[in-house]
Protein chains: 2
Amino acid sequence: MVKLSDVARLAGVGVGTASRAISGNGAVSPESRRRVLAAAEELGYRPNAAARALRERRTRAVGLLLPDIVNEFYTASAAVIQSDLDDAGYQLVVGVTGNDPRAERHAVRTMLDRQVDGLIHVPVDPHVELPADLPAVQLNRHSDPLRVSAVVSDDVAGVGELTSAVIGAGHTDLVAVIGAPEFSTSRDRLAGYRRAVAAAGIPEAGAAPAERPAAGRRSRVLTGPFTSQWGYDALTGIAGDRPQALIALSSRLMMGVLRACGDLGLRIPEDISVAGLGDPEWFSVWRPGITTFAPALADMGHHAATEVLRAIEEGPAAGAPRLERLPGRVRVRGSVQGLGAAPAPV
Amino acid sequence: MVKLSDVARLAGVGVGTASRAISGNGAVSPESRRRVLAAAEELGYRPNAAARALRERRTRAVGLLLPDIVNEFYTASAAVIQSDLDDAGYQLVVGVTGNDPRAERHAVRTMLDRQVDGLIHVPVDPHVELPADLPAVQLNRHSDPLRVSAVVSDDVAGVGELTSAVIGAGHTDLVAVIGAPEFSTSRDRLAGYRRAVAAAGIPEAGAAPAERPAAGRRSRVLTGPFTSQWGYDALTGIAGDRPQALIALSSRLMMGVLRACGDLGLRIPEDISVAGLGDPEWFSVWRPGITTFAPALADMGHHAATEVLRAIEEGPAAGAPRLERLPGRVRVRGSVQGLGAAPAPV
DNA sequence: CTGTTAGCGCCTTCAT
DNA sequence: ATGAAGGCGCTAACAG
């Protein structure tokens with residue numbers, strides 16, 4: 001391991017001068033600088049990150065805590081974050097929470113032990129303890145009330161728009177399948193859905209057939225975990241009394257819904273219209289294409305990265321934590337009867 | 001920041017004793033240990049990773065270099081790696097190469113600057129410089145000749161088995177769509193395909209129609225980048241002279257192929273049989289289900305993690321670098337005419 | 001068994 | 001503009 005003192009010796013200067021020449025902090029004569037740089041080059045000198053971290057009390061590393069590293073819903077943001085951090089000279093340390101509060105606490109602690117300079121995380125337990133002085137931003141979900149700044153998708157507006165489009169296509173008997181209400185995403189998506197449904201004057205019915213209101217005008221909400229399995233169970237559970245249109249509020253749920261359609265022999269959109277949330281590439285390849293609300297995952301990642309970097313380098317933002325809701329886009333394809341363009345555009 | 005000397009003072013012992021009590025290295029009287037632990041607990045002491053790294057000359061961090069953090073083909077392994085490392089008390093630092101040799105060099109360098117204790121990477125440039133003393137293992141792809149140990153999927157056997165199944169179903173006019181031959185994965189997959197085709201006595205034809213051999217018995221290979229777009233272009237390019245069966249040797253390629261089938265109005269498997277590689281969940285939800293060779297991505301991740309950890313803690317393995325080829329599984333579904341069980345099993 | 005001490009490699013005053 | 005020196009928090013070696 002070649003260290004700074006080696007460089008200094010070869011350049012014939014003191015370590016202080018070598019340090020200043022390489023970091024650019026402090027004045028160094030052009031001649032000294034040239035020789036130090038040449039020496040560093042020749043020796044293949046690379047500063048020791050641990051020593052620098054110890055001395056400067058910052059690691060130039062940012063932690064990213066995700067529920068699941070395989071789900072493209074999170075990694076689509078993570079890719080942008082990685083790239084932004086890299087551009088700024090920061091490294092990305094990844095932790096996985098699996099949506100489990102215990103695992104989340106563990107992951108947070110190891111991040112702190114690593115002395116990351118900042119943290120971007122998709123929160124699981126709204127009450128996780130974070131040091132007040134750690135620059136942090138929540139991604140995708142947010143605790144309520146807000147404790148740190150958060151960057152989320154404007155699902156209320158997006159799902160509202162999506163639902164309105166479905167209703168506008170002539171559907172009045174709807175089912176929404178949604179994940180656990182602990183997550184702000186579930187609440188926001190549901191709020192958007194309900195707002196649109198209410199605006200159309202469609203009453204919400206209980207799951208029991210007995211409560212069925214005026215034929216053909218009703219809305220049902222089915223709540224469970226954010227899994228493919230729950231999407232499957234939700235649809236099969238109401239197969240005997242199926243709606244005109246079903247809105248699955250995550251791509252995982254949609255996966256299960258489509259599988260159920262296959263098993264039940266339901267044709268889309270002839271027998272049932274479906275719409276989703278998120279936009280993995282296969283949504284557009286599917287025939288017919290899946291109509292969906294696509295959150296701006298890349299934008300979200302970018303804003304989150306920008307905000308942590310700002311907080312790290314300029315200190316905490318003035319005032320209360322901010323909640324940024326980024327608009328996404330509704331993509332109309334063929335899976336909703338009466339809505340799609342003919343050969344399902346990409 | 002509470003430091004070790006604070007704990008020691010509160011416990012009424014020297015820092016050495018405190019250090020030993022907490023790390024467990026070296027003998028400490030039960031009484032001292034108790035008091036140190038209690039003091040640490042009370043103060044909420046957490047060791048400083050940078051200081052420890054500086055002193056111990058190891059960071060307990062392992063780098064993972066992936067071409068693309070969104071592609072589940074890589075993250076499926078990454079998830080297991082993350083979990084295994086975490087269990088062993090190591091942290092995961094992620095770098096992204098985008099299959100670009102320049103980006104790869106950059107990523108390798110920042111990993112080294114971070115002084116990661118080991119490196120797991122999907123190699124891009126077979127000639128990347130790695131310090132000889134850095135425990136490293138290649139994942140999924142391997143340089144040839146082998147410079148460090150590698151854990152890959154046995155694509156030769158897997159694609160061979162897949163191809164034989166397709167042929168066994170009665171297809172004799174085949175096309176394989178494959179990615180860039182720089183990657184060992186491309187070469188292995190192609191080798192498996194060609195072996196099966198040759199075993200069946202099917203001749204390989206050039207892409208030009210003129211070279212078309214005895215009607216209905218031929219194999220064509222189309223080479224391009226590992227992208228959805230290339231899958232699309234490959235199929236549309238031969239739409240006028242289409243084969244009975246097409247094998248797309250990555251899930252990205254399959255995505256493009258399916259899109260092309262949609263645009264061309266080709267029904268699967270009535271008009272064309274298709275088979276793929278990899279097994280994202282939507283392969284099994286698709287109707288008909290996609291027949292595919294599924295590499296054991298989780299196993300690969302596990303073996304890779306185990307090998308780096310071993311190399312880190314026990315030093316380099318004796319002898320030459322090892323190449324581990326892990327078997328995957330062919331999954332038969334309905335996308336190959338004459339092969340699938342009736343209602344496409346999961 | 002325990003306290004003291006010497007660095008790990010770097011940056012940053014402080015004199016010069 | 002520069003060299004010398006102190007110290008970031010920790011562990012390992014040493015002397016008791």
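Per chain, numbering begins at 1; letters A, B, ... match sequence-line order. The figures here come from the full heavy-atom set of this structure, side chains too, leaving out hydrogens, waters and symmetry mates.
When all heavy atoms of Arg141(A) and Tyr74(A) are compared, the pair lying nearest together is NH1-OH, 3.6 Å. Heavy-atom minimum distance, Arg114(A) versus Ala49(B): CA-CB, 4.0 Å. Minimum heavy-atom separation, His302(A) to Asp84(A): ND1-OD2, 2.6 Å. When all heavy atoms are compared, the tightest approach of Val116(A) to Thr59(A) is CA-OG1, 3.7 Å.
Set against dC10(C), dA12(D), dG9(D), the side chain of Arg57(A) has dG9(D) as its closest nucleotide. Residue Ser29(A) places its side chain closer to dA1(D) than to any other of dC10(C), dA1(D), dG7(C).
Checking the phosphate oxygens (OP1, OP2) of dC1(C), no side-chain nitrogen or oxygen of Ser32(B) falls inside 4.0 Å. Remark: Arg52(A) is not in phosphate contact with dG9(C), judged by side-chain N or O atoms under 4.0 Å from OP1 or OP2.
dA1(D) atom C1' lies 13 Å from atom CD of Glu31(A), rounded to whole Å.
Where the helix from dC1(C)-dG16(D) to dT16(C)-dA1(D) starts and where it ends, the local axes point in directions that differ by 50°; five pairs per end, rounded to 10°.
Checked by atom type, the side-chain pair Ser149(B)/Gln138(B) shows no donor-acceptor distance below 3.5 Å. For the residue pair Arg60(A)/Gln91(A), the side-chain donor-acceptor check at 3.5 Å is not satisfied.
Side-chain atoms of Asp6(B) come within 3.5 Å of backbone atoms of Lys3(B) as a donor-acceptor pair (strictly under, hydrogens ignored).
Contacts between residues 3-28 of chain A and DNA chain C, counted as heavy-atom distances below 4.0 Å, involve Lys3(A), Leu4(A), Gly16(A), Ser19(A), Arg20(A).
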